[in-house]
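The analysis underlying the following values was restricted to heavy atoms, covering all of them including side chains, and did not include hydrogens, waters or symmetry mates. This structure is a prediction, so every number in the text was calculated from the model and none was measured.
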Amino acid sequence: MSAADAQGVCVGDRLGTTDTYAAGEGVFVRDGFVIASVVGFKRVEVPAAAGEKPTLHVASRDTLPLVPKPGDIVTVKISRVAQTAAHALIMCVGRQALSTEFKGVIRQQDVRSTEIDRVVIYDCFRPGDIVRAEVVSLGDARSYYLSTAKNELGVVYAKSATAGAAMVPTSWVTMQCPDTQAVEKRKVAKLESLVSA
């Protein structure tokens with residue numbers, strides 16, 4: 001589709017005649033005219049075979065953006081770590097990247113399923129970490145509540161504070177810099193599930 005093909009249209013707009021065009025998605029035919037059935041952008045699809053008519057489509061502008069919902073597994077980037085919670089930006093739902101920015105928060109009680117009262121947020125996450133989490137609820141007006149309490153959830157990528165190199169998981173609670181051998185604490189995601197996911 002070229003830029004010339006894309007044109008904003010409203011419901012009921014006549015886009016062409018059936019003598020010239022075939023009807024595609026987002027249109028209907030009436031009295032020999034191809035008419036828009038949705039608000040969106042007109043698109044002309046070039047025919048695959050010679051002698052066929054080009055097809056008129058209207059791509060709706062109302063396509064709903066992907067929005068995280070409770071139960072979804074999301075990939076987030078930690079933006080800030082506080083004493084009782086880690087704040088994050090949600091980047092993906094499942095394997096699909098988001099076009100809109102959503103914020104999330106991993107509260108102290110949602111980091112692990114055991115020894116919740118002994119969780120130290122800074123020992124689990126650092127700004128810049130990439131974390132796999134589950135959406136628990138819609139939370140407050142600003143952020144989704146996220147959880148890393150399951151074994152397969154937690155930090156999947158982190159950079160060393162000293163060398164800036166990508167660290168390697170060494171246990172459930174530590175990652176190591178391959179350059180300096182320095183060990184840093186993290187709430188690490190279970191590797192087997194990451195490989196099979």
### Query
Can you check whether P68 reaches I90 side chain to side chain, under 4.5 Å on heavy atoms?
yes

### Query
Rounded to the nearest 0.5 Å, what separation is found between the CD atom of Q181 and the CD atom of Q176?
4.5 Å

#### Entry: Side-chain (S37) to main-chain (G26) donor-acceptor, under 3.5 angstrom
yes

### Query
Taking side chain as C-beta onward, heavy atoms only, is V188 less than 4.5 Å from W172?
no

### Task
Would you mind reporting whether F102 and V67 have side-chain heavy atoms less than 4.5 Å apart?
yes

### Query
Is the backbone of V119 close enough, under 3.5 Å, to the side chain of Q108 for a donor and an acceptor to pair up by distance?
yes

### Atom of C10, atom of A36 and distance for their closest heavy-atom approach
O-CB, 3.3 Å

### Task
For F125 and V81, work out which heavy atoms get closest and say how close.
O-CG2, 3.6 Å

### Summary
Heavy-atom closest pair (A86 atom, I78 atom, distance to 0.1 Å) is CB-CD1, 4.2 Å

### Message
Could you check whether any side-chain N or O of E25 sits under 3.5 Å from a backbone N or O of H57, counting only pairs where one atom can act as donor and the other as acceptor?
### Response
no

### Task
Drop me the distance from F33's CZ to D13's CG, to the nearest 0.5 angstrom.
12.5 Å

### Message
Quick one, V131 and I106 - any side-chain contact, counting heavy atoms below 4.5 Å?
### Response
yes

#### Entry: S79 side chain to H87 backbone, donor-acceptor under 3.5 Å
yes

### Check against side chain to side chain contact (heavy atoms under 4.5 Å, CB included), R186 and M167
CA-CA 11 Å; R186 294 291 197 283; M167 293 198 298; 3.7 Å; yes

### Message
Please report the interatomic distance CD(E45) to CD(E52), rounded to the nearest 0.5 Å.
### Response
10.0 Å

### Query
To the nearest 0.5 Å, what is the distance between NZ (K159) and CG (D129)?
11.0 Å

### Summary
All heavy atoms of D179 vs all of A165, minimum pair found to be OD2-CB, 3.4 Å

### Message
Any non-hydrogen side-chain atom of L146 less than 4.5 Å from a side-chain atom of D110?
### Response
no

### Message
One pair to check against side chain to side chain contact (heavy atoms under 4.5 Å, CB included): L15 and V27. What are the steps and the verdict?
### Response
CA-CA 9 Å; L15 307 178; V27 299; 3.8 Å; yes

### Query
Can you tell me if T148 uses its side chain to pair, donor with acceptor, with the backbone of G154 under 3.5 Å?
no

### Query
Any ion pair linking K69 and D72 (charged N to carboxylate O, less than 4.0 Å)?
yes

### Message
One thing to verify: whether E134 and K150 come together as a salt bridge, which I'm taking to mean a side-chain N less than 4.0 angstrom from a carboxylate O.
### Response
yes

### Query
So M175 and T170, side chain to side chain contact (heavy atoms under 4.5 Å, CB included) or not? Walk me through it.
CA-CA 5 Å; M175 297 181 93; T170 53; 5.6 Å; no

### Task
Locate the shortest heavy-atom distance separating R112 from E115; write the atom from each residue and the value.
NH2-O, 3.6 Å

#### Entry: Shortest non-hydrogen contact between K42 and V44, atoms and distance
CE-CG2, 4.1 Å

### Message
Is there a path of hydrophobic side-chain contacts, each under 4.5 Å between heavy atoms, that joins Y157 and V168?
### Response
no

### Query
Do V173 and K185 pass the side chain to side chain contact (heavy atoms under 4.5 Å, CB included) test, and can you show the C-alpha distance, the side-chain angles, and the key distance before you say yes or no?
CA-CA 6 Å; V173 293; K185 290 185 177 181; 5.9 Å; no

### Stacked cation flag R43 on F41, 6.0 angstrom / 45 deg
no

### ILVMFWY clustering at 4.5 Å (side-chain atoms), partners of V105
V136, Y145

### Query
Got more than 12 heavy atoms from elsewhere within 6.0 Å of CD, Q83?
no

### Task
Kindly work out whether a path of hydrophobic side-chain contacts (I/L/V/M/F/W/Y, heavy atoms less than 4.5 Å apart) joins V93 to V76.
yes

### Message
Assigning hydrophobic clusters by single linkage (Ile, Leu, Val, Met, Phe, Trp, Tyr; side-chain heavy-atom cutoff under 4.5 Å), is L56 placed with F28?
### Response
no

#### Entry: Shared hydrophobic cluster, V155 / Y122 (ILVMFWY, side-chain heavy atoms < 4.5 Å)
yes

## Note on the structure
One should read off an interatomic distance between I73 CD1 and S147 OG, to the nearest 0.5 angstrom, of 9.0 Å

### Message
Quick check: do C92 and L98 have side-chain heavy atoms less than 4.5 Å from each other?
### Response
no

### Query
How about R30 and I35: do any of their side-chain heavy atoms sit closer than 4.5 Å?
yes

### Message
Counting C-beta onward and ignoring hydrogens, is there a side-chain heavy-atom pair between T84 and I121 closer than 4.5 Å?
### Response
no

### Task
Check whether L89 and I130 end up in the same hydrophobic cluster, where Ile, Leu, Val, Met, Phe, Trp and Tyr are linked by side-chain heavy atoms less than 4.5 Å apart.
no

### Task
For atom NZ of K53, decide whether the heavy atoms of other residues, nucleotides or ligands shown that lie under 6.0 angstrom number more than 12.
yes

